[in-house]
Amino acid sequence: MYKVLLATLTTLLLVGCSDQSWRTTDVADIMPPLDFALVDENGDSVQAEEYLGKPTLVYFGYTYCPDVCPITLARLGDAIRKLDDETRDEIQVLFISVDPARDTPEVLKRYTDAFGPEFVGLSGDKAAIDAVTNRYRVAYEYGEENENGDYLVTHSSAVFAFDREGQAQFLVRDSHPVNDVEADIKRLVAQG
Amino acid sequence: MAYLMHKTMIKRTCRQLAFTTCALLLTAGVAQAQSLDVTNARLSLLPGNTPGAGYFELHNSGDESVTLVGAESPAFESVEMHISSEHNGMAHMHAFESLDIGPDERIEFAPKGQHLMFMRRVAPLNEGDEVEVVLTFSDEQRLPVTFNVVSPTSL
Ligand SMILES: [Cu+2]
């Protein structure tokens, strides 16, 4: 029984590899290519084209988030550190803050540096952020301010993956097992 | 089988613990505190003024339920109990006021779930530092716990 199951699993895996479907959610046909006009960690205006040439993971969050955002970024960092030395430098993670009021370029730089050199912080004014979030059909919403002026932000939990040409490939949800995420990132980096 | 043996052992230990607790009830507050055991207390922190998250496991080995109602720390201006959740692809976070822990129950504050949210550090903190935190309960009990400051990349 065990052997049959193993054989079936192996077959499934092989089939999975040959027909190029991702273990996480395949969005190649439904998400538009990477495109944005934002501000980087140095305060400079940047366009998506400047980030082409490397496989890219994109996550929407905010630095005032102590739990979900750092854990998500740290787990992406773990997956990246499991890649071969040569391919590790090829991937980049764009952390797009939907909270520009608190996430100045300086704050973003300090924050993303803590996760590794592959992590880049981006933000912009509301119109620039909305253009990107609308494009990828994600939402965000500010909570009420407390007496200290602090507020929480509800944001997308998904990680979007793009190939070197900026074409959308897969989307990682919270529910996807770490093994699947790592396998897909490995494959994204490996594909020419 | 191993599991069953283990369970029996735990039960026996609990009974002994309960007995000890009874004996110690003469010295009220102290006995209560001894029935609460916190392990693996970590404070995940990033540089600058971004808030930190506190994670730990808490076991109530006593015979009575206790209610965790908050936490405080001299190292932060405010500490709240929060829970992260996910609905329809959106990450939410909100505060909660109390958490009941039944007799022999173990609860966990863990990444992407319940966490302490540490806001506005009083002085700069670094990985490897220790932070004193007091967990407060509805019966006025105060449980001091030392949290190790770690990077979220180590979790
Ligand atoms: Cu929180």
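Each chain gets a letter, A, B and so on, in the order the sequences are listed, and its residues count up from 1. What's counted below: heavy atoms across the whole structure, side chains too, no hydrogens, waters or symmetry copies.
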A/Glu50 atom CD, neighbour heavy-atom count above 12 within 6.0 Å: yes

Hphob cluster co-occupancy, A/Val98 + A/Leu38, side-chain heavy atoms under 4.5 angstrom: yes

Between OG1 on residue A/Thr154 and NE2 on residue B/His87, distance to nearest 0.5 Å: 9.0 Å

Beyond-backbone contact of A/Tyr64 with B/Met93, side-chain heavy atoms, under 4.5 angstrom: no

B/Tyr55 versus chain A, the contacting section by heavy-atom distance below 4.5 Å: side chain

Co-membership, hydrophobic cluster, residues B/Val133 and B/Phe137, 4.5 Å side-chain: yes

CG (A/Asp44) with more than 12 external heavy atoms under 6.0 Å: yes

Same apolar cluster: A/Trp22 and A/Val93, side chain cutoff 4.5 Å: yes

Engaged part of A/Arg81 at the chain B interface, taking heavy atoms whose separation is under 4.5 Å: neither

Residues, nucleotides or ligands: over 12 heavy atoms within 6.0 Å of A/Lys186 NZ: no

Distance-minimising heavy-atom pair for B/Thr153 and A/Ala114: CG2-O, 3.9 Å

Heavy-atom contact with chain B under 4.5 Å, split by part of A/Asn148: both

Residue among B/Met90, B/Arg120, B/His82 with most heavy-atom pairs under 4.5 Å to chain A: B/Met90

Verify same cluster id: B/Ile83, B/Leu155 (apolar side-chain graph, 4.5 Å): no

Top of B/Ser44, B/Ala91, B/Ala53, B/Gly89 for chain A proximity - count of heavy-atom pairs under 4.5 angstrom: B/Ala91

Min side-chain heavy-atom separation B/His115-A/Pro66 under 4.5 Å: yes

Distance in Å, A/Asn146 CG paired with B/Met119 CE, rounded so as to fall on 0.5 Å steps: 7.0 Å

Choice from B/Leu46, B/Leu45, B/Asn49, B/Thr50 maximising heavy atom contacts with chain A below 4.5 Å: B/Leu46

A/Asp67 side-chain N/O to B/Pro111 backbone N/O, donor-acceptor pair under 3.5 Å: no

Contacting region of A/Tyr140 [heavy-atom separation from chain B under 4.5 Å]: backbone

Top contributor to chain B interface from A/Ala139, A/Gly77, A/Ala158 [non-hydrogen pairs under 4.5 Å]: A/Ala139

Largest heavy-atom contact set with chain B, pairs under 4.5 Å, which of A/Asp150, A/Leu171, A/Asp78, A/Val107: A/Asp150

Validation row: B/Pro152, A/Phe115 side chains within 4.5 angstrom (heavy atoms): yes

Enclosure of A/Glu141 CD (heavy-atom neighbours >12, cutoff 6.0 Å): no

Residue B/Glu105 excluded, over 12 heavy atoms near CD under 6.0 Å: yes

Joint hydrophobic cluster, A/Phe95 plus A/Ile80, side-chain heavy atoms closer than 4.5 Å: yes

Option that, when pairs with chain B are counted at under 4.5 Å, heavy atom only, ranks first among A/Val68, A/Asp174, A/Thr63: A/Asp174

Part of A/Thr72 lying under 4.5 Å from any heavy atom of chain B: both

